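First up is the structure itself, then whatever we jot down about it.
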Amino acid sequence: MRLTRHRLLTATAFAALTLGGPALADDLTIGLKSEPSSLDPQFHVLSPNMQVALSIFEALTTQDPTGAVKPLLAESWALASPTEWDFKLRPGVTFSDGSPLTAADVVFTFDRVAKVPNSPTAFTLFTRKIASVTALDDATVRITTTVPYPLLLVDIVNIPILSKTAASGPAPEGRTTTEMNRGEGLIGTGPFTFVSWQKGADLVLARNEHYWGTAPAWDRVVMRPMTNPAARAAALLAGDIDMMEDLPTASIADFRANKAVNVVSAPPARSIYIALDQERDDSPGIGGAGGKNPLKDKRVREALSLAIDRAAIVERIMGGAAVAAGSLGTGTMFGTSPAHVDAPRPDTERARALLAEAGWGNGFTITLGSPSGRYVNDARVSQTVAAMWSRISVTTAVDAVAPPVYFKNRDALDYSAYLGSWGNNTAEIGTTLTAQLMTYDKAKGQGTANGGRYSNPELDRLLDEASGTMDDAARKALLEQADALAMEDYAILPLHFEVPSWALRSGLTYAARADQFTLPQFVTTEN
């Protein structure tokens, strides 16, 4: 335990607690693998940001740990027409300042999304098919879409509702991102309220005494960034934290055998991939190419893919806590191409032949951008890929940096190639393909995470058609076609899917989530 509120807790008491005794504290300290980049719930589509937002705010709909959509602030909804959805707000809900939730707050929230400036990955990804949001009365909201929109209910999970009064201001978006990062305007209906945050240090939340739902078990939550998995594990075993994200892959078996901790895992969903610059002729991280960009040639991209031994990465680097990927979607995800579920086998001879055929038989140099401490074993994975590429004469250096620096570089398009990740909580591959590979268009909310600036009009057409197709069988066929097109063009290079894990001190439990969010309101004591 942390000696925060209960400084008199002895080592003996802690030992008894880890062996399954009753919880003696009302505080919960969580070791995070990465801290949020912002507290503005509409600034950056990034898991560390979104899990904090969903502890303070709530959306109209939510998802259970398996990904199934459930009512939240909207107690019910109905289609008024193929493009009009009417949502009835849950009665009796108040914000943390005691003010009532009304339809005006919902309208304000959705109106703000497109007005937030400088978003690295914009939330318009989830609202791009919404034409308008209007209040029919204080308790009823109508969302009108541009086309029939089968994913509306799951997309709006990602749009937590703000208090219009608290989040308004003179800027076009109301409270600015800078103001929200200072804690201003962070008034939500969720189970916790904001207390304090200092970048690089603890984020502190407190129980919302006005919460309409079941009160969380914790008076106070401390979210502590600890990018080194071994340091997180040591802190948990020492009692300095109560819960940690992502165990060191080499230690999972030992932790499962340790009666002082409880390990939970979720099915794989987060894809790890390599994005390649396919827009610029003179790409900043490529050398020995005479000012040309070899990555614009499909044969070169295929060669880079064939050089990667994905099964070896899963076994040797990830310790088996991953699944090798042939697509950005798992085999169980709606719309994943059946032909691309299995990871491609490595073939260095074929890779060298493709490079020679493309005119790059003597190779070139490239720098692979990578975070260090954002994804499981990210820097080690990048170093392994670099070694594999170097074997086919693509001499590769790795620029592994702290996550904030990495995201800044990635968003500035400073990388010719980078190790990236995407978590999909819709259970449908269309959202991933729309974000990662649709032609970048900020105004349309498409390609918002397309750092390689891949562009294929046929892929755009298929995804547009699928997004407005209500018939499941027809939509699935369109998505499978789109996925196959992207993978056969080597638009991006999938590596593997992480198998997410959490470890908690004995006596605590957590329902492992497919979206990989760590939500303190669902950490409970075992009976």
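Fair warning: this is a prediction, and the values are worked out from it, not measured in the lab.
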Compare every heavy atom of P150 with every heavy atom of S467, then report the nearest pair and how far apart it is.
-> O-CD, 3.1 Å

Straight-line distance of D277 CG to I366 CD1, nearest 0.5 Å = 8.5 Å

Answer whether the closest heavy-atom distance between the side chains of H340 and T336 falls below 4.5 Å.
-> no

Geometric class of the Y415/Y418 ring pair [parallel <30°, tilted 30-60°, perpendicular >60°] | tilted

Salt bridge present between D472 and K476 (N-O < 4.0 angstrom) = no

Is it true that atom CZ of R316 has more than 12 heavy atoms of other residues, nucleotides or ligands lying nearer than 6.0 Å?
-> no

Closest approach of R175 to E184 (non-hydrogen atoms, all atoms of both residues) = NH1-OE1, 3.0 Å

If we only count heavy atoms from C-beta on, is the Q383 to I317 side-chain gap below 4.5 Å?
-> no

Would you check, one step at a time, whether the test salt bridge (charged side-chain N to carboxylate O under 4.0 Å, His left out) holds for R299 with E357?
-> CA-CA 8 Å; R299 294 168 294 184; E357 182 183 317; 3.7 Å; yes

Value rounded to 0.5 Å, distance of CG in L463 from CG in L478 = 9.0 Å

Between D399 and L368, is any pair of side-chain heavy atoms under 4.5 Å apart?
-> no

May I have all residue pairs that pass ring-ring contact (aromatic ring centres under 6.0 Å, His included) and include part of residues 421-467, sequence neighbours excluded?
-> none

Salt bridge check: are R301 and D489 linked by an N-O gap of less than 4.0 Å?
-> yes

Lys/Arg N to Asp/Glu carboxylate O, D281 vs K296, below 4.0 Å | yes

Salt-bridge criterion met for D282 and R280 (N-O under 4.0 Å) | no

With the threshold set at 4.0 Å, does a side-chain nitrogen-carboxylate oxygen contact exist between K292 and D297?
-> no

